Structures are given as C-alpha cells and as structure tokens.
Colleague: 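Right, I'll just put the structure down here and ask away after.
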Amino acid sequence: MTRRLPIRVPANRKVRFGLLIFLVLVLVAAFGPLFVSHVLGQSPTRLHAGGALESPSGKHWLGTTSSGQDVLAQLVAGTRTSLLVGLVGGAIATALAVLLGVLSGYSTGRSGAALTAFVNIFLVIPGLPLLILVASYTRGRGGWVTVAVIIGLTSWAGGARAKRAQTLSLRNRDFVAAAGYSGESRARILFLEVMPHLAPVIASTFLFSVVGSIAAEAGLDFIGAGHASTVSWGTMLYWVQSQGALQSGAWWWFLPPGLCIALVGTAAGLVNFGVDELADPRLRTRRATGPAARPRRTGGLTPEKAR
C-alpha cells in the first residue's frame, strides 16, 4: 500500500483540490511580492499609500488600512511569512514526533521507559502557556525563524504519542519479527520496515503541524506576543483588532487574513481525508459499496433475467 500511495494520491479528488490550494498559496508567497511591488507599485510597510480605510478600488484592490497601507500588499507579504513559519515549525514538530515516538515505541527496557517518560512529561505540560511565555520573552527577536523554532519545539508531544502507539502495534508484527531474526540492524528495521507503514500518519501529522504552526503564530501576534514589525496574517489581525476595524466596518481589512488561515486548514483537511481513503482499506470499501455502486433493483429478478 505504501509503495502504491505516491502513485494513487493524485487520482483522489480531495487530495487534488487540497494540493491545488497549497500550490496557489505557495505561488502567491513566491511571486506575489514581486507582482505587488513592480506591477502595482505597492509596499506592505509604506504608510499613507492611500487614504485611511479606503474601500477596494482599481488602485488598491483590497482597500487600505487606517494608516493608508495597502491591504493586498500586506496580505501577500503575510502569506510568505505565515507559510514559512508553518513549514519550518511543522517540519521541526514532525521530525521530533517521529524520532521520539518511533524510538520510544520500538525500544525496550530502560531506554524505552526513559523515552516514554520524556514524551509523557512534555505531553502534560500545557503547550499554549509555554509558547506564550517563551515567545513573550524573546519578543520576536530573530524574526519569523525564532517564532517557528519555538512553535516546533513546543508542539511535538501529541504527535510523538500517536507515533509511539502505532509503533507498539507494528513492533509485534510478523514481518518486523522476521527482520529481527534475520539479523537486520535496528536502524534498518525502523527505516525499511516500520517507517513505511507510518507514512500516512506522518503525512497527516505534518499537515496539521503546519496548520497548527500558522494558527499559533497568528494567535501570538494577535495577543501582542509577536513582533509587530513583521508582516504576517497574525499581525494583520492584531492591527485590525487594535485599530477597531470591526467597529468601522472595514471588512476588506479583517476578512482576507482570516479567510487565508481558514483556507490553509481546509486544504490540510482535504489532503488528510484523501490520504485516509487511500491508506485505509475500510474507507475504500465503503466508497466502492456506496449508493452509486449498489445494483439496480429489478423487482426480484437477476439483471440477466430483467434484460
């Protein structure tokens, strides 16, 4: 199944649509700032580029902020920052979750107990207060990289617990025991026998770690724990709240960053649902035996007799 998964993933509609959303956001993050600066002549940090709280127009496609900054320029620059935070934070959290989760689930004796205790300690530590405390102490020093590293280092415990449970189930399987009896090293068994069967779980963990990192960064900026000079979806929402855009009815200011965050979550959910359908035989069976696959009623006759 894991060998056929990379070939069958593009054939799933949910995965296609989710990856399409991610691709559009990545293209906006990569080439959007060039388009905004060279074609539209706007900058996300330039004050008084237009009037205060101007509604969308031909000059300012998404209107302006209370300081006259172009909202589209901020949204495009914020897309790059938020996606970078999500990818880096998600990669760190997923790597730690896979490493510690698989090792704690496969190891036995004192080493396995020590790794399990280490994972459990971080699991019971409240992640959000710890994240706010560390982020408030650093105050965004180092830019988005510091924020992404902090988020990744404080959000891996839940994924590690899930990987440990899956590894415990795989550790007693016949093919893993046969690899051990044949003299394979522990590292080879983990990478060639255990890890391929965890591929759908790891992919799901990475996707939701990316979404969680983006949401965490937006939450930190929204409460003022981030760096106010960094342009991201979170800082846009912070200035929306502090400048009273909701009371002013400036929907063009607060709606785009919120929709972008929701769009990333939707894309991750679609990809996760599609991968589950490909990896879980029960879901494939239900899909194949759905209403469209049921035989047509012919009044008690077989299809041959009905014809």
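The shown structure was predicted, so the numbers you read here are calculated from the model rather than taken from an experiment. Note that these values count all heavy atoms, side chains included, but never hydrogens, waters or copies made by symmetry. Heads up: numbering here begins at 1 and tracks the sequence.
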Colleague: Hey, is the main chain of G112 close enough, under 3.5 Å, to the side chain of S104 for a donor-acceptor pair?
Modeller: no

Colleague: Are more than 12 heavy atoms from other residues, nucleotides or ligands located less than 6.0 Å from atom CZ of R46?
Modeller: yes

Colleague: Looking at CZ of R186 and CD of E193, how far apart are the two atoms once the value is rounded to the nearest 0.5 Å?
Modeller: 15.0 Å

Colleague: I'd like to know if L192 and L170 are part of one continuous hydrophobic network [Ile/Leu/Val/Met/Phe/Trp/Tyr, side-chain heavy atoms within less than 4.5 Å].
Modeller: no

Colleague: For the pair H197 and F175, name the ring-plane relationship: parallel under 30°, tilted 30 to 60°, perpendicular over 60°.
Modeller: parallel

Colleague: Can a donor-acceptor pair be found, under 3.5 Å and without considering hydrogens, that links the side chain of R161 to the backbone of N120?
Modeller: no

Colleague: Return the minimal non-hydrogen interatomic distance between E217 and S232, and the atom names on each side.
Modeller: OE2-OG, 2.8 Å

Colleague: Side chains of N272 and S204: donor-acceptor distance under 3.5 Å anywhere?
Modeller: yes

Colleague: Would you say T205 and K163 are linked by a side-chain donor-acceptor pair, where the criterion is simply a distance under 3.5 Å?
Modeller: yes

Colleague: Are the side chains of M195 and V98 in contact, using a 4.5 Å heavy-atom criterion?
Modeller: yes

Colleague: Between L87, L153, I151, which is the residue that forms a side-chain contact (heavy atoms from CB on, under 4.5 Å) with I92?
Modeller: L153

Colleague: When you look at CH2 of W252, are more than 12 heavy atoms from neighbouring residues, nucleotides or ligands closer to it than 6.0 Å?
Modeller: yes

Colleague: Looking at side-chain heavy atoms only, is the closest gap between I223 and Y238 below 4.5 Å?
Modeller: no

Colleague: Under 30°, 30 to 60°, or over 60°: which ring-plane class applies to W156 and F118, parallel, tilted or perpendicular?
Modeller: parallel

Colleague: A quick test of your reading: do over 12 heavy atoms of other residues, nucleotides or ligands sit less than 6.0 Å from CG of N172?
Modeller: yes

Colleague: Honestly curious: do F222 and L133 fall in one hydrophobic cluster under the side-chain, below-4.5 Å linking rule?
Modeller: no

Colleague: Out of curiosity, W253 CH2 to M236 CE, how far, rounded to the nearest 0.5 Å?
Modeller: 8.5 Å

Colleague: What about V102 and L168, same hydrophobic cluster or not, with Ile/Leu/Val/Met/Phe/Trp/Tyr joined at side-chain heavy-atom distances under 4.5 Å?
Modeller: no

Colleague: Evaluate side chain to side chain contact (heavy atoms under 4.5 Å, CB included) for L263 paired with L259, printing each intermediate quantity in order.
Modeller: CA-CA 6 Å; L263 199 62; L259 287 178; over 6 Å; no

Colleague: Has F35 got more than 12 heavy atoms of other residues, nucleotides or ligands less than 6.0 Å from its CZ?
Modeller: yes

Colleague: Kindly compute the distance separating CG (D221) from OG1 (T230), expressed to the nearest 0.5 Å.
Modeller: 7.0 Å

Colleague: Is the backbone N or O of G51 less than 3.5 Å from a side-chain atom of E54, with the two atoms forming a donor-acceptor pair by type?
Modeller: yes

Colleague: I'd like to know if the side chain of H60 and the backbone of P56 have a donor-acceptor N/O pair within less than 3.5 Å.
Modeller: no

Colleague: Of the non-hydrogen atoms in S107 and S111, which two are nearest, and what is the gap between them?
Modeller: CB-OG, 3.8 Å

Colleague: Is the backbone of S67 close enough, under 3.5 Å, to the side chain of T65 for a donor and an acceptor to pair up by distance?
Modeller: yes

Colleague: Mind checking whether V71 and W61 have side chains closer than 4.5 Å, heavy atoms only?
Modeller: no

Colleague: Among the clusters formed by ILVMFWY side chains lying less than 4.5 Å apart, do V240 and W251 turn up in the same one?
Modeller: yes

Colleague: Where do G152 and L96 come nearest, in terms of heavy atoms and distance?
Modeller: O-CD1, 4.2 Å

Colleague: Report the distance from atom CG of L99 to atom CG of L103, rounding to the nearest 0.5 Å.
Modeller: 5.0 Å

Colleague: Apply the test side chain to side chain contact (heavy atoms under 4.5 Å, CB included) to residues L72 and Q42: give CA-CA distance (whole Å), side-chain angles for both, the deciding distance (0.1 Å), then the verdict.
Modeller: CA-CA 9 Å; L72 178 61; Q42 301 293 341; over 6 Å; no

Colleague: Going from OG on S155 to CZ on F208, what distance comes out if it is rounded to the nearest 0.5 angstrom?
Modeller: 14.0 Å

Colleague: Kindly work out whether a path of hydrophobic side-chain contacts (I/L/V/M/F/W/Y, heavy atoms less than 4.5 Å apart) joins V134 to V145.
Modeller: yes

Colleague: Strictly distance-based, threshold 3.5 Å: is any side-chain N or O of T64 a donor or acceptor partner for the main-chain N or O of D70?
Modeller: no

Colleague: Could you tell me the separation between the CG atom of L270 and the CD1 atom of I21, rounded to the nearest 0.5 Å?
Modeller: 6.0 Å

Colleague: Heavy atoms, side chains only, cut-off 4.5 Å: are R164 and V119 in contact?
Modeller: no

Colleague: Do the side chain of T81 and the main chain of V231 share a donor and acceptor less than 3.5 angstrom apart?
Modeller: yes

Colleague: Minimum heavy-atom separation for V15 to V271, with atom names?
Modeller: CG2-O, 3.9 Å

Colleague: So, for W233 and L75, which heavy atoms are closest and what is the spacing to 0.1 Å?
Modeller: NE1-O, 3.6 Å

Colleague: With distance as the sole test, does S82 use its side chain to make a donor-acceptor pair with the main-chain N or O of T79 at under 3.5 Å?
Modeller: no

Colleague: Where is the tightest heavy-atom contact between L83 and A29, given as atom of each residue plus distance?
Modeller: CD1-CB, 3.9 Å

